[in-house]
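The sequence lines fix the lettering, A, B, ..., with proteins before strands; numbering per chain opens at 1.
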Amino acid sequence: MTLLATIVETSSRVAATSARLAKVRELAACLRQFQPDEIVVGVAYLSGDTPQGKFGIGYAVLKSATAESAGEAVLTVLDVDRRLTEIASIRGAGSTTRRAEALKELFSRATEAEQHFLIRLLIGELRQGALAGVMVDAIAAAAQLSVDKVRRAAMYAKSLGAVAHAALVEGESALANFQLELLSPVAPMLAQTAADVGEALEQLGEDAVFEWKMDGARIQVHKSGDSVHIYTRSLNDVTAAVPEIAATVRELPAREVILDGEAIAFTAAGRPHPFQITMRRFGRKLDVAKLQAELPMRAYFFDCLRLGDESLADRPTRDRYEALARAVPAELIIPRLVTASEQEASAFYDAAIAAGHEGIMAKSLSAPYEAGNRGASWLKIKRAHTLDLVVLAAEWGHGRRTGKLSNLHLGALDPATGEYVMLGKTFKGLTDAMLEWQTKEFLARETHRDDWTVYVRPELVVEIAFSDLQASPRYPGGLALRLARVKRYRDDKRLQDADTMESVRKIFEAQSG
DNA sequence: TTCCGACAGTGGGGTCGCAAT
DNA sequence: ATTGCGACCCCACTATCGGAA
């Protein structure tokens, strides 16, 4: 019987080193201690996950459930799992209170270190510097199997725990049983960023193919006979939210197919809706039909992972395209161009932007589909706006940014009122040196502070890149920056040279068409 | 010896459903 | 009815380690 304390101690040793091989050694040593029936749960906990998935428990409930800690470590891994299963099953009126009570009871049997671990686990912030990627290495080390074989199995398995169980209990041959299966979604392949078409061509060369990039929701569609399921990027089943896409797929001639694509809503005039609007369709359970009538969705597909009996994931992009063209009518395939010409690719990019989309993808024609991987064979090229904004405040960072002012509050002057209007926050794009510098500069300009935020005199101008302006119910100006990141501080610019709300509104109007 | 791929960490805004108030 | 919380949609970027070149 493995105690929770064993996992907690391993986690703290993993957190204590920054060396990846040392983390792998610690994790592997712990895996070897597990009884067979403890592997699935133990592997989940050590990679920052729980077999139960969602609990309806967040920071607020956890805080209300804090209890006097136990003096001695008595909880076993399986004790905790049983209790969490009970908590996850609590539903209906009074459920929040009853979940908190059950959690409190669990915490009362945990030591202080165990409570701390459970809180981080449940909140999804283990912060031990090792999640699924490092765990794959640890499973391979513990079972003395090749990392490639374990990684491949993990791509197609429902959980890492299942892979670990197979590897440790049954051995290498069992790993081969994890395959691309119908109605069992795989993590979608992700892309890196390229600055422009030229950079993408430089990386991909003659092998490049370009596709429009639509700003909707990534979908993975599985069809097996009459059974059709649609999954999101994080593999949630959203079939019920987008019945028209399910219907479209059901009508495809192929009996068995797995497709990768994007779902997006269009205006009556045929322009794509902003992301914000498209997203209203997801997560919607009530009045789906009504919203469907107002916001019809379309699916555009760009990849085919399986057609008929044949898994295509390991085949090159050009073969998967060929299968896609057989499986799906042309009007459901995302616009695409094979070219090695920078002029042609640039014109293609301009056309995508002119049609209201967010940019283009560049892909290698010879690359396989690397499920879950953010590989160099897919590149995204997106348009970005930039503005010179003013820092109004900054929040203290967490984790490795503890003690540094990190998250910037950004604003622009409204000439009509003479006041600064906040437009959003960002902590992205900052190097350690910038964090160091800005902490000093902000503290020198501090006007007042509260628990997490230091407010400053509006004097520092910073160049901010962002993807869009969104209508915002939260911010006073009614606009918020989407995907904002810091480019650089503009110490060459005076406050009067910063952009004002006038230019901000101009950008919003232009993008609203 | 240097370069680069993979990984983790750092949170952002918006929307919906549900329980509590 | 309204509010607060949790879950999920989307995502950019930097630092670090360690294997590849």
### Query
In whole angstroms, how far is the P atom of B:dA8 from the CG atom of A:Leu46?
13 Å
### Message
Students often get this wrong, so: under 4.0 angstrom with heavy atoms, is A:Val238 touching a base, only sugar-phosphate, or nothing?
### Response
sugar-phosphate
### Message
Can you tell me which nucleotide in B:dG14, B:dA19, C:dC10 comes closest to the side chain of A:Gln470?
### Response
B:dG14
## Note on the structure
Whole-Å distance, A:Leu62 CG to C:dC5 P, equals 13 Å
### Query
Do any side-chain nitrogens or oxygens of A:Lys380 fall under 4.0 Å of OP1 or OP2 in C:dA12?
yes
### Task
Please tell me which of the listed nucleotides, C:dC9, C:dC10, B:dT15, lies nearest to the side chain of A:Met279?
C:dC9
### Message
So for atom NZ, which belongs to A:Lys380, do other residues, nucleotides or ligands contribute more than 12 heavy atoms lying within a distance under 6.0 Å?
### Response
yes
### Task
Specify the separation, in whole Å, of atom CD of A:Gln276 and atom C1' of C:dC11.
15 Å
#### Entry: Nucleotide nearest A:Lys428 when distance is taken to its side chain, options C:dC17, B:dG11, B:dG14
B:dG11
### Query
Taking NZ from A:Lys425 and P from C:dA12, how many angstroms apart are they, rounded to a whole number?
20 Å
### Task
From the options B:dG13, B:dT15, C:dC9, select the nucleotide whose nearest atom is closest to the side chain of A:Ala217.
C:dC9
#### Entry: Sidechain N-carboxylate O distance under 4.0 Å for A:Arg505, A:Asp414
yes
### Task
Consider the side chain of A:Ser234, meaning its heavy atoms from C-beta on, and name the nucleotide among B:dA6, B:dG17, C:dC9 that approaches it most closely.
C:dC9
### Query
NA contact type, A:Ala130, heavy-atom cut-off 4.0 Å: base, sugar-phosphate, or nothing?
sugar-phosphate
### Message
Base, sugar-phosphate or nothing for A:Ala484? Non-hydrogen atoms, less than 4.0 Å.
### Response
nothing
### Query
Between A:Leu21 and A:Phe427, which has a closest nucleotide on DNA chain C that is more 5'?
A:Phe427
### Task
I would like to know whether A:Val504 and A:Leu387 meet side chain to side chain contact (heavy atoms under 4.5 Å, CB included); could you show each step before the answer?
CA-CA 8 Å; A:Val504 174; A:Leu387 285 170; 3.7 Å; yes
### Query
Between B:dC7 and A:Arg151, is there an OP1 or OP2 to side-chain N/O distance shorter than 4.0 Å?
yes
### Query
Which of these passes side-chain contact (heavy atoms from CB on, under 4.5 Å) with A:Val14: A:Glu9, A:Gln128, A:Arg25?
A:Gln128
### Query
Among C:dA7, C:dA15, C:dC11, which nucleotide sits nearest the side chain of A:Lys54?
C:dA7
### Query
Reckon A:Ser95 touches a base, only the sugar-phosphate, or nothing at all at heavy-atom distances under 4.0 Å?
sugar-phosphate
### Query
Within the structure shown, what part of the strands sits under 4.0 Å from A:Glu262 by heavy-atom distance: base, sugar-phosphate, or nothing?
nothing
### Message
Is there a side-chain contact between A:Thr278 and the phosphate of C:dC9, meaning an N or O under 4.0 Å from OP1 or OP2?
### Response
no
### Task
Provide, to the nearest angstrom, the distance between the CZ atom belonging to A:Arg474 and the P atom belonging to B:dG11.
16 Å
### Query
Quick one: is B:dT15 close enough that its OP1 or OP2 comes under 4.0 Å of any side-chain N or O from A:Arg280?
yes
### Query
Which is true for A:Asp215 with a 4.0 Å heavy-atom rule: it touches a base, it touches only sugar-phosphate, or it touches nothing?
nothing
### Summary
DNA chain C nearest-nucleotide lookup for A:Ala19 and A:Lys213: closer to the 5′ end is A:Lys213
### Task
Provide, to the nearest angstrom, the distance between the NZ atom belonging to A:Lys23 and the C1' atom belonging to B:dG9.
11 Å
### Query
Under 4.0 Å between a Lys/Arg side-chain N and an Asp/Glu carboxylate O for A:Lys290 and A:Glu294?
yes
### Message
Quick check: on DNA chain B, is the nucleotide nearest A:Gly133 upstream (toward 5') of the one nearest A:Arg20, or the reverse? Name the residue that is more 5'.
### Response
A:Arg20
#### Entry: Whole-Å gap separating P (C:dG19) and CG (A:Asp137)
9 Å
### A:Thr426 vs B:dG12: side-chain N/O to OP1/OP2 distance below 4.0 Å
no
### Task
Can you tell me the pairing partner of B:dC7 across any strand shown, Watson-Crick or G-U wobble, with both distances under 3.5 angstrom?
none
### Aromatic ring pairing A:Phe302/A:Trp378, orientation class (parallel under 30°, perpendicular over 60°, tilted between)
perpendicular
### Task
Please say whether more than 12 non-hydrogen atoms of neighbouring residues, nucleotides or ligands are located less than 6.0 Å from CD in A:Glu105.
yes
### Query
Taking the side chain of A:Arg233 as its heavy atoms from C-beta onward, which of C:dG6, C:dC10, B:dA20 lies nearest to it?
C:dC10
#### Entry: side-chain N/O A:Thr97 vs B:dA19 OP1/OP2, d < 4.0 Å
no
#### Entry: Side chain of A:Arg284 (C-beta onward), nearest among B:dG11, B:dC16, B:dA20
B:dC16
### Query
A:Ala471 near the nucleic acid: base, sugar-phosphate alone, or nothing, with a heavy-atom cut-off under 4.0 Å?
sugar-phosphate
### Query
Any side-chain N or O of A:His398 less than 4.0 Å from the OP1 or OP2 oxygen of B:dG9?
no
### Summary
Of C:dC9, B:dA19, B:dC7, the nucleotide closest to the side chain of A:Asn236 is C:dC9
### Message
Side chain of A:Tyr475 only, heavy atoms from C-beta on: which candidate in B:dG13, C:dC9, C:dG19 is closest?
### Response
B:dG13
### Query
Looking across every strand, which nucleic acid part, if any, lies under 4.0 Å from A:Thr193 by heavy atom: base, sugar-phosphate, or nothing?
nothing
### Query
For A:Leu483, which contact category applies under a 4.0 Å heavy-atom criterion: base, sugar-phosphate, or nothing?
base
#### Entry: A:Arg127 vs B:dT10: side-chain N/O to OP1/OP2 distance below 4.0 Å
yes
#### Entry: First of A:Ser406 and A:Asp287 reached from the 5' end of DNA chain B, by closest nucleotide
A:Ser406
#### Entry: Geometric class of the A:Trp212/A:His357 ring pair [parallel <30°, tilted 30-60°, perpendicular >60°]
tilted
### Task
Quickly work out the A:Leu430 CG to B:dT10 P distance and round it to whole Å.
14 Å
